[in-house]
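Before any comments, here is the structure.
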Amino acid sequence: MSYTKLQLFTLTLTSFVLLTACQDSPPPVAIPSTELNVEIRSRELSGLTVNEITRLNADPQDSQSLMSVAATSGGLYIHSNDSWQLVTPDRWQIQDFLIVDDDHWLAIVGADNSNNSMLIRSRDMGNTWSTVANNFGGSAKISEITQEPLYQLASDFSGQKLYAVGTQVFAESLDFGTTWQAISGFWNGFARGYRALINIPSADAVDNTEIFFYGGQGAIENPLLRRFDVLSSQPDTYTEGTETVIDVSGEDLLPVPSTIRSIVPVNAKEGDFVATGEGGLIRTIDNGISWQPVRTNTTSRFYFDLLIHPDRPNLWVTAGWNKNFENPQAFVVEVSLDSGESWREFAWENFEGNVIFGGVRSMAWANTSTNEVYFGTTRGGIISVALTVP
């Protein structure tokens with residue numbers, strides 16, 4: 001085909017396409033867009049301070065059989081059949097709750113700033129409870145009241161070993177909480193105490209080395225953060241490992257006064273974690289060696305936790321607390337759709353005409369399939385919200 005004929009053919013084809021497009025193209029269809037939104041669904045357990053919320057499945061085979069447990073200033077509550085039921089005496093201030101296995105539950109009883117605490121156990125999913133006589137504190141004496149405050153619990157993957165943190169100690173029990181040995185730190189230290197503890201099993205950790213992160217506040221209100229690398233962990237012997245002291249008190253991180261309240265895996269296998277505390281959120285991508293600010297502030301606003309959606313890892317949700325035990329404060333939910341790069345805030349001064357106690361101390365997914373979240377507050381009970389996510 002000659003160049004002139006090719007030109008003519010191209011021109012004719014183009015004209016035909018344009019003419020056909022003008023005659024037959026349907027009108028453009030508007031694509032519906034979904035805006036990010038947060039809606040309060042309910043408030044429950046009003047007047048209580050909710051220190052921790054844990055979601056569990058009553059029946060692992062039934063995705064609709066969702067249950068949650070709330071550790072509060074007025075006892076332990078279980079959410080089932082659309083209501084919260086008290087399963088312990090309401091005089092017990094529950095600080096922490098741990099599921100060792102399906103029918104073995106543990107909880108810590110003790111005021112937030114108490115010098116002692118009590119360990120309680122249920123073997124029937126919360127129907128009955130008993131105290132666990134123990135020697136947490138280091139002496140040979142066994143008693144119902146711990147010899148120093150017990151703040152947070154964890155267990156290994158098998159559930160055969162228990163771990164806990166106190167004032168300046170990281171300890172282990174081989175007999176389900178009766179006897180304890182310090183495996184890092186020391187008993188009866190002088191500090192505000194460790195309030196965060198997380199175990200990363202070897203299968204999920206960098207270099208297949210099981211690690212623990214734990215943190216809190218020191219004697220001069222400085223943030224404390226430690227990483228414990230497990231070197232040996234045999235079934236009937238105490239765990240051996242090395243502790244790394246991590247400084248996160250830089251001016252652009254969490255300067256004094258501050259504290260660490262939680263350590264949240266983003267991608268533990270790659271050493272990616274977020275630590276939350278007084279002053280905001282900070283992040284490491286090298287297993288704790290170095291840290292960068294994610295969402296920090298200079299007003300000492302506390303962030304007790306961070307939620308990352310298990311099916312949408314770019315969806316992060318958090319909320320904070322201005323340290324005020326007595327007065328109402330706004331309830332502010334903060335959402336990121338890009339893994340903490342940018343954030344949107346949703347704030348309420350009241351709900352349904354009533355003043356709101358919106359200082360958030362705990363949070364958990366109520367239902368990940370519907371993007372529902374529980375927020376536990378100081379004196380405001382549990383605020384349930386639903387996220388509409390683009």
Side-chain angles (χ1 to χ4, degrees), residues 48-53 70-73 93-96 110-114 149 151-152 165 191-198 213-225 246 248-264 273-283 291-308 316-336 340 343 345-349 356-364 373-383 385:
L48 296 179
T49 296
V50 182
N51 296 309
E52 184 176 345
I53 307 172
T72 82
S73 58
Q93 298 187 51
I94 310 295
Q95 293 298 316
D96 188 36
D112 192 31
N113 293 311
S114 173
Y151 291 123
Q152 291 284 316
V165 285
R192 298 297 182 96
Y194 293 127
R195 305 304 177 97
L197 172 63
I198 184 173
F213 277 108
Y214 44 99
Q217 189 174 60
I220 58 172
E221 298 188 338
N222 54 306
L224 301 177
L225 184 57
I246 300 169
V248 292
S249 59
E251 285 300 317
D252 62 339
L253 297 176
L254 303 177
V256 177
S258 186
T259 183
I260 297 292
R261 296 298 311 209
S262 70
I263 302 97
V264 180
F273 297 87
V274 169
T276 79
E278 182 178 3
L281 283 62
I282 58 176
R283 185 176 185 177
W291 294 79
Q292 301 79 39
V294 173
R295 187 162 178 77
T296 56
N297 61 79
T298 58
T299 60
S300 297
R301 184 168 173 81
F302 281 78
Y303 288 82
F304 279 69
D305 207 349
L306 167 73
L307 298 179
I308 299 176
W316 293 12
V317 184
T318 190
W321 177 53
N322 294 328
K323 193 175 182 180
N324 189 326
F325 293 91
E326 302 300 326
N327 301 314
Q329 61 182 276
F331 174 54
V332 184
V333 176
E334 304 176 34
V335 182
S336 173
W343 295 84
E345 295 185 359
F346 301 83
W348 294 263
E349 294 285 348
I356 202 165
F357 280 81
V360 174
R361 295 173 64 94
S362 57
M363 59 196 75
V373 183
Y374 288 137
F375 291 98
T377 67
T378 299
R379 296 186 59 192
I382 293 176
I383 301 176
V385 309

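Here the structure is a predicted model, which is why all the values come from computation and not from measurement.
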#### Entry: Partner set under side-chain contact (heavy atoms from CB on, under 4.5 Å) for A191, not counting sequence neighbours
T167, Q168
### Task
List for me each residue that meets side-chain contact (heavy atoms from CB on, under 4.5 Å) alongside Q292, sequence neighbours excluded, and say none if there are none.
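Once residues adjacent in sequence are excluded, the partners of Q292 under the side-chain contact (heavy atoms from CB on, under 4.5 Å) criterion are S290.
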Are [X] and [Y] close enough that some pair of their side-chain heavy atoms sits under 4.5 Å apart?
X: T318; Y: M363; value: yes
X: R295; Y: W343; value: yes
X: I263; Y: L225; value: yes
X: S258; Y: N222; value: no
X: Y374; Y: V50; value: no
X: I382; Y: T72; value: no
X: V256; Y: I220; value: no

All salt bridge (Lys or Arg N to Asp or Glu O under 4.0 Å) counterparts of [X], not counting sequence neighbours:
X: R361; answer: D112
X: R192; answer: E221
X: E349; answer: none

Heavy-atom pair with the smallest gap, counting every atom of [X] and [Y]:
X: T259; Y: L254; answer: O-CD1, 4.5 Å
X: W291; Y: V274; answer: CZ3-C, 4.4 Å
X: V332; Y: A319; answer: O-CB, 3.2 Å
X: E345; Y: E334; answer: CG-CG, 3.9 Å

Approximate separation, where rounding is to 0.5 Å, of [X] [atom1] and [Y] [atom2]:
X: L224; Y: R195; atom1: CG; atom2: CZ; value: 11.0 Å
X: S300; Y: E278; atom1: OG; atom2: CD; value: 4.5 Å
X: L281; Y: S262; atom1: CG; atom2: OG; value: 7.5 Å
X: Y214; Y: L197; atom1: OH; atom2: CG; value: 9.0 Å
X: I383; Y: I356; atom1: CD1; atom2: CD1; value: 4.0 Å

Contacts of [X] that satisfy side-chain hydrogen bond (donor to acceptor under 3.5 Å, both in side chains) - sequence neighbours left out:
X: T49; result: none
X: T299; result: N297
X: S73; result: none
X: Q95; result: none

### Message
Let's go through T296 and I282 carefully: what are the C-alpha distance in whole Å and the side-chain angles of both, what is the deciding distance for side chain to side chain contact (heavy atoms under 4.5 Å, CB included) to 0.1 Å, and is it a yes or a no?
### Response
CA-CA 7 Å; T296 56; I282 58 176; 4.2 Å; yes
Please set out all donor-acceptor pairs under 3.5 angstrom arising from side-chain atoms of residues 323-331, sequence neighbours excluded.
from, atom 1, to, atom 2, distance (Å)
N324, OD1, E326, N, 3.1
N324, OD1, N327, N, 3.0
E326, OE1, R379, NH1, 3.4
Q329, OE1, N322, N, 2.9
Q329, NE2, N322, O, 2.8

### Query
Quick check: does any side chain N or O of T276 sit under 3.5 Å from a backbone N or O of L306, one acting as donor and the other as acceptor?
no
#### Entry: I94 backbone acceptor or donor facing N51 side chain under 3.5 Å
yes
### Query
Can you list the residues that meet the ring-ring contact (aromatic ring centres under 6.0 Å, His included) rule with F213, with sequence neighbours excluded?
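Residues passing ring-ring contact (aromatic ring centres under 6.0 Å, His included) with F213: F273.
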### Message
Using the ring-ring contact (aromatic ring centres under 6.0 Å, His included) criterion, which residues pair with F304? Sequence neighbours excluded.
### Response
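Result, ring-ring contact (aromatic ring centres under 6.0 Å, His included) vs F304: F302, W321.
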